[in-house]
Protein chains: 2
Amino acid sequence: MLLSTKGDYGVRAMIDLAKHVGEGPVQRSEIARRRQIPESYLDHLLAQLRRAGFIRSTRGPHGGHELAKPADDVALLGLLEALEGSLTPLGCLEPAAGDEAAESICGQNWVWQEIYDAMRARLDAVSLAELVEHEREHERQAVITYNI
Amino acid sequence: MLLSTKGDYGVRAMIDLAKHVGEGPVQRSEIARRRQIPESYLDHLLAQLRRAGFIRSTRGPHGGHELAKPADDVALLGLLEALEGSLTPLGCLEPAAGDEAAESICGQNWVWQEIYDAMRARLDAVSLAELVEHEREHERQAVITYNI
DNA sequence: GATGTTGTTGAGTGATTTACTCAGGTATGT
DNA sequence: ACATACCTGAGTAAATCACTCAACAACATC
């Protein structure tokens, strides 16, 4: 299943921050409420995002989180890898520290390496800004549907 | 991690069967030994492959398993899906019985749908016969390296 | 037709991962 | 000081993974 809730929640939180850029820090409680994410879980994801350099956080009253760089400069690939670790479908692609596992399905890895590369390239070509744009588009559609 | 040992072991077992086609049924103990797969675990995988129509099994002394159709007609995609279930990276692609989960990361699923389709297309284009050929090639390489 | 060899099935189990929660601590504004 | 936020690490219930075990069913051969 490649993607867990971490990648899901984390990306959604980033979209939320991107949508409120320029309004000062956004608090985790707001994000959690708007995106239906358990607040105490979101804490950890925000910490990961901060350590990876995607967001800046300020403490104290009126503190919160904000994007560390413009949404155009954030690729979906980097985000997901920061949240999920490697996205490799196999485990034997990307040689780990103690290199082994060269056997087994890695005999078929020429297929998977190709698929993996294509996947990463595609994810790297999608920016956070595009995700925001798509969500806005989706919202407009939903409103229209509702009005009919 | 998308692929577990099931897909790995199962495909390797199929390659083994394909390599010994025409020699009568191959016993699970032979496959297990040659491919380093726990025999009692392999049992379940062979059962899955049989139910999916990939192999035929005969019981009793000199029984064993053999390919149900020529290796050219077996695509890697079908094999892996029979062994692993769906290969979807998300869970919200391929609408399940009780259709929901349309929320969450599925907002970004336009990206993933594309990646998923490309992946399936690539896997569908690889036949068991090709995997066998690749393994033979790999063995030749290994022998040459060893001789140097 | 008894015996031994093979495949078939389902239940069970220890280890790992997932998706969290909780209980503290630390920094910051008023 | 004190309230308000973020920060960190430990812990945990549920699910999944990678198997094992035990009993059974079919077949071949003597």
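Chain letters run A, B, ... following the sequence lines, proteins first and then strands; every chain starts at 1.
Heavy atoms of B:Ser40 sit under 4.0 angstrom from at least one base atom. Within 4.0 Å of B:Arg56, counting heavy atoms only, lies no atom of the nucleic acid at all. Within the 4.0 angstrom heavy-atom criterion, base atoms lie near A:Arg28.
Remark: A:Arg51 is not in phosphate contact with D:dC6, judged by side-chain N or O atoms under 4.0 Å from OP1 or OP2. Taking 4.0 angstrom as the limit, A:Ser57 places a side-chain polar atom (N or O) nearer than this to OP1 or OP2 of D:dC7. For B:Ser4, a side-chain nitrogen or oxygen approaches OP1 or OP2 of D:dA18 to under 4.0 Å. Phosphate contact (OP1/OP2 of C:dT18, side-chain N/O of A:Tyr41, threshold under 4.0 Å): absent.
In this structure, A:Met1 places its CE atom 15 Å from C1' of C:dA19, rounding to the nearest Å. As rounded to whole Å, 10 Å separates atom C1' of C:dC20 from atom NZ of A:Lys6. One atom, CD of A:Gln48, and another, C1' of C:dT18, lie 13 Å apart when rounded to the nearest Å. Rounded to an integer number of Å, the gap from CD of B:Glu30 to C1' of C:dG7 is 14 Å. With rounding to whole Å, B:Glu66 atom CD is found 12 Å from C:dG7 atom P. Going from atom CG of A:Asp8 over to atom P of C:dT18 covers 15 Å, rounded to whole Å. As rounded to whole Å, 12 Å separates atom C1' of C:dT5 from atom CD of B:Glu39. Between the CZ atom of B:Arg50 and the C1' atom of C:dT8 there is a distance of 7 Å, given to the nearest Å.
With respect to A:Glu135 and A:Arg35, a salt bridge is recorded, a charged nitrogen being found less than 4.0 Å from a carboxylate O. Checked for salt-bridge contact, A:Arg12 and A:Asp8 meet the test: a charged N lies under 4.0 Å from a carboxylate O. Ionic pairing of A:Glu137 and A:Arg140 is present here: one or more N-O contacts between side-chain nitrogen and carboxylate oxygen are shorter than 4.0 angstrom.
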Enumerate the protein-to-nucleotides 22-29 of chain D contacts in which both atoms are nitrogen or oxygen and the separation is below 3.5 Å.
unit_1	atom_1	unit_2	atom_2	d
D:dA25	N3	B:Arg59	NH1	3.4

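The residue among B:Leu46 and A:Thr5 whose nearest nucleotide of DNA chain C is located toward the 5' end is B:Leu46. Take the nearest nucleotide of DNA chain D for A:Ala47 and for A:Gln27: the residue whose nucleotide is more 5' is A:Gln27.
A donor-acceptor pair is defined here as one N or O able to donate and one able to accept, closer than 3.5 Å; such a pair exists between the side chain of B:Glu84 and the backbone of B:Ser4.
For C:dT21, its base sits under 3.5 Å from the side chain of A:His44 at one donor and acceptor pair at least.
No more than 12 heavy atoms of other residues, nucleotides or ligands shown are found within 6.0 angstrom of CD on B:Gln36.
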Between B:Leu90 and A:Leu2, is a side chain to side chain contact (heavy atoms under 4.5 Å, CB included) present by the stated rule, with each step listed?
-> CA-CA 7 Å; B:Leu90 276 188; A:Leu2 208 57; over 6 Å; no
What's the verdict on side chain to side chain contact (heavy atoms under 4.5 Å, CB included) for B:His65 and B:Arg50, showing C-alpha distance, side-chain angles and the deciding distance?
-> CA-CA 9 Å; B:His65 310 270; B:Arg50 193 181 44 72; 5.8 Å; no
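The side chain of B:Tyr9 lies closest to D:dC19, out of C:dA19, C:dT9, D:dC19.
A chain of hydrophobic side-chain contacts below 4.5 Å, direct or via other Ile, Leu, Val, Met, Phe, Trp or Tyr residues, connects A:Met14 to B:Trp110.
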